[in-house]
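In what follows, chains carry the letters A, B, and so on, assigned in the order in which the sequence lines appear, proteins first and then strands, with residues in each chain numbered from 1. In what follows, every heavy atom counts, from backbone to side chain, and hydrogens, waters and symmetry copies are set aside. Everything quoted here is computed from the prediction, not taken from an experiment.
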There are 2 protein chains.
Amino acid sequence: MQGSSHDDVRRHNLSVVLRLVHRSGAASRSQLTKVTGLNRSTIAALVAELVERGLVIEREPSSTNQVGRPSPIVSVSEQVVALAVNPEIDAVTIGIVGLDGQVHRRVRYPTDRSPSVLEAVNIAAAVIDGMRGELDAKFTVVGIGVAVPGLVRAHDGLVRHAPHLGWVDEPLAEMLEAATGYPVLAANDASLGAMAERFFGAGQGITDLIYLNGGASGIGGGMIVGGVPAGGIGGYAGEFGHTRVSDSDRVDSAGIRGTLEAEVTRSELLDVLGLAGADVDELEQALLASTSPAVRAEVNRQIDHLAVALAGAINILNPQLVVLGGFLAALLAVDADRLRAAVGSHSLGAAFGTVRLSAAELGANLLMIGAAELAFEGLLDDPAALPAAPAPAQGA
Amino acid sequence: MQGSSHDDVRRHNLSVVLRLVHRSGAASRSQLTKVTGLNRSTIAALVAELVERGLVIEREPSSTNQVGRPSPIVSVSEQVVALAVNPEIDAVTIGIVGLDGQVHRRVRYPTDRSPSVLEAVNIAAAVIDGMRGELDAKFTVVGIGVAVPGLVRAHDGLVRHAPHLGWVDEPLAEMLEAATGYPVLAANDASLGAMAERFFGAGQGITDLIYLNGGASGIGGGMIVGGVPAGGIGGYAGEFGHTRVSDSDRVDSAGIRGTLEAEVTRSELLDVLGLAGADVDELEQALLASTSPAVRAEVNRQIDHLAVALAGAINILNPQLVVLGGFLAALLAVDADRLRAAVGSHSLGAAFGTVRLSAAELGANLLMIGAAELAFEGLLDDPAALPAAPAPAQGA
DNA sequence: CCGATTTGTGGCGTTCTGCAACGTATCACG
DNA sequence: CGTGATACGTTGCAGAACGCCACAAATCGG
């Protein structure tokens, strides 16, 4: 089924227009004609259909400072939202995220211990039930996206292995779907983070990027290759944490020796600083403020190991941008020059010359936006699939 | 320019049909309808246009053993060819490759020393001039593809850095275009090898694969991610040879320490075998025949280092298949079990469980097919762009 | 030799986009 | 404050491509 016909053209064009306003936030109709290369009349028809389906709204232009008739501004409807769910070892976070990227609500439900799948599903379902009044009154929900800290099979949302949560082969998506009635998609949290940063954070407009996140329990990552999120054959791609960076005997959570995750850890930074627990911002501040040689030595050690892994990934993938999140961003903040130099010494000039290293921008909303994006994907691919929501006019 | 219109539908459908017969070799019209999902009448019209343009031919079916009216077999025209050029340290190889993947001719022009860009271009142009009688008489040439052992900028074929040839920032494509009059595209040899193996070798039908080639001068690689050749932002992707695999002080050709290319070399295998020079097949035979403990130890050492690099790539990319070419295929042939076990010990279960390791299949034709594929790319993307070649019927 | 099955062929209708002409809203200038 | 220039929306029409349908053709099985 690779051929295309009229339906596909229409679907594709609707998809392109909706994606554009989804990512740019708002655009005039004339801008849409320029970007898409489509005719004015075609854009008018496409936008009209999207308006009728309740996906976008048109409003009068404010002040263009341009000669000529002003063009209506097209922006995404604020009613269309997705639900985002992110189970972690100490909490389950649930959010309402608009198609415009806005996080309307974020609820963190702490748990005493690492939740089982059933507990996570029940918590999510209960919180969503609590929101249902608000959801039914104000929003159209397209579905649920789940960001899982582990390996997730792409097509059906089966959690193959989430080591920190202790989940193995759990049909998370299916269970949450049954519990809430909404369609559910799940994916690896770091892959979703990469996607979120790419579209709404540090990587806007970039086609080849690597994202590495340093969390309490390890290092995960995701990547965009040629403009497309790379999931690999089973959705398990992006495990940068298990790249070998030294011959040492330290083992990581998977029992592999000398890996990035074995050498570069948040807990060791906290230990050398003498901190018990700290969030990412506090850790970064403490590192920047510290003058202790021991702290400095540990930071340098971790930076040097991180550089090996980054250089390897850069040599292989030749990305335009490397985005660091979590405590890895703190390492970058402390000594960007050292990290850059170390990466350079392990990588090829041509690939290294064009790469930028930067910190993640989205902070606490990162996974909410990424998970929601997963849920929006289907709508963006085929805006006409959803039944026209608010006003089922007979013209459709 | 992301919108699509009628022209794009037609172009896309022509492209799909031509790609199918290009890769499958031949297919009946009814098979094309099934695979593409298009209507019989549409397929008939598309095939008719491709026939008129001289790109495919229709022939009567031989014996179907099926009830019903037999469907004509559509196959690629044997007249349509691309030229393939591959400069190396000791020779320049030029080939004529058909759109059906057949290598009509392969000429290896040995050189006394590593050729300069100008010398390589002159050799290629001279050989092509010698072929011109044959080309003009029998073939339609769509262009030239060059497989370069080095980093090549994708969009204009500038050779950024080919260390073994000693080339830096050489406008190879431009020069060869001026010397021959044919459009020229250039890319990294290993990337083209990956593409060739994917479509015509060990990786048929596979969407995520890694290809590593071991040559006299080092290790290069290429990959297919999500069905698309991944070139990175500048076309420099795939440099697996510079992945760090140990803490040793051995340096590779780029001066980086402890890398795959520093640890795993063809020359060390030849040394331990006591061979002066040998081609890949001889090397493999010698390794398989040897019972020397020293040889075995060296093979094991190289296999273990290779495994680290492969495991890292597998963790990051989660491919379905890893294809090994050159002397790396010989290592696989000697002890596939050891390599598999070693890769397994450095990689994550989920990603490792689904990956297959196999040897390259295309041998000496690999880069000819890969380079030609590069030249065919434009034609496959838009079969209507080329002016109708043999019979400029007024119906067009 | 005949029916069933599968597929090619040709005409028709549908759908979507592009184009051109006209209407409209804004800015610049006097 | 009015006029021209500019840019854009709107509308009607034409063209292009595909799907559908009915009919013809070719093969196999009995």
Does a side-chain N or O from B:Lys34 land closer than 4.0 Å to OP1 or OP2 of C:dT6, or not? no
Nearest-Å distance for atom pair CG/C1', residues A:Leu38 and C:dC19: 14 Å
Send over the distance from A:Glu60 CD to D:dC8 P, rounded to a whole Å. 15 Å
Not counting sequence neighbours, which residues clear side chain to side chain contact (heavy atoms under 4.5 Å, CB included) with A:Glu361? List them please. A:Glu197, A:Ala202
Establish, with yes or no, whether the OP1 or OP2 oxygen of D:dC8 is under 4.0 angstrom from a side-chain nitrogen or oxygen of A:Ser30. yes
Residues forming a side chain to side chain contact (heavy atoms under 4.5 Å, CB included) with B:Phe139, sequence neighbours excluded: B:Val81, B:Ile96, B:His104, B:Glu134, B:Leu135
Who passes side chain to side chain contact (heavy atoms under 4.5 Å, CB included) against B:Ala82, sequence neighbours left out? B:Val142, B:Ala372, B:Ala375, B:Phe376
Would you mind reading off the distance between B:Gln66 atom CD and C:dG8 atom P, rounded to a whole angstrom? 13 Å
If you measure from the Lys or Arg side-chain nitrogens to the Asp or Glu carboxylate oxygens, is any gap between B:Arg198 and B:Glu373 under 4.0 Å? no
Donor-acceptor contact below 3.5 Å, side chain B:Thr140 vs main chain B:Val80: no
Taking salt bridge (charged side-chain N to carboxylate O under 4.0 Å, His left out) as the definition, give me every residue that meets it alongside A:Glu177, ordered by chain and number, with sequence neighbours left out. none
Under 3.5 Å, which N/O atoms of the protein pair with N/O atoms of nucleotides 12-14 of chain D?
none

Contacts of B:Phe200 that satisfy ring pair (Phe, Tyr, Trp, His ring centres under 6.0 Å) - sequence neighbours left out: B:His22
With distance as the sole test, does B:Asn318 use its side chain to make a donor-acceptor pair with the main-chain N or O of A:Ile233 at under 3.5 Å? yes
Of B:Leu317, B:Leu209, B:Thr207, the one forming a side chain to side chain contact (heavy atoms under 4.5 Å, CB included) with B:Val225 is B:Leu317
Mind checking side-chain hydrogen bond (donor to acceptor under 3.5 Å, both in side chains) for B:Gln320 and listing every partner two or more places apart, or none if nothing turns up? none
Regarding the side chain of B:Ser5, the nearest nucleotide among C:dG18, D:dC28, D:dT10 is C:dG18
Could you identify which residues of residues 14-24 of chain A place a heavy atom less than 4.0 Å from some atom of DNA chain D, listed by residue number, or say none? none
Contacts of B:Ser77 that satisfy side-chain hydrogen bond (donor to acceptor under 3.5 Å, both in side chains) - sequence neighbours left out: none
Ion pair B:Glu58/B:Arg29, N-O distance below 4.0 Å: yes
Nucleotide C:dT6, atom C1' - distance to CD1 of B:Ile43 in whole Å: 16 Å
Between the protein and nucleotides 21-23 of chain C, list the N/O to N/O atom pairs that are separated by less than 3.5 angstrom.
residue: C:dG23; atom: N2; partner: A:Arg69; partner atom: NH1; Å: 2.9

Produce the list of close N/O pairs, under 3.5 Å, pairing protein atoms with atoms of nucleotides 13-16 of chain C; give distances to one decimal.
residue: C:dT15; atom: O2; partner: A:His6; partner atom: NE2; Å: 3.4
residue: C:dC16; atom: O2; partner: B:His6; partner atom: NE2; Å: 2.8

Under the side chain to side chain contact (heavy atoms under 4.5 Å, CB included) test, which residues partner A:Arg11, sequence neighbours left out? A:Asp7, A:Asp8, A:Asp382
Side chain of A:Asn39 only, heavy atoms from C-beta on: which candidate in C:dT26, D:dG9, C:dG18 is closest? C:dG18
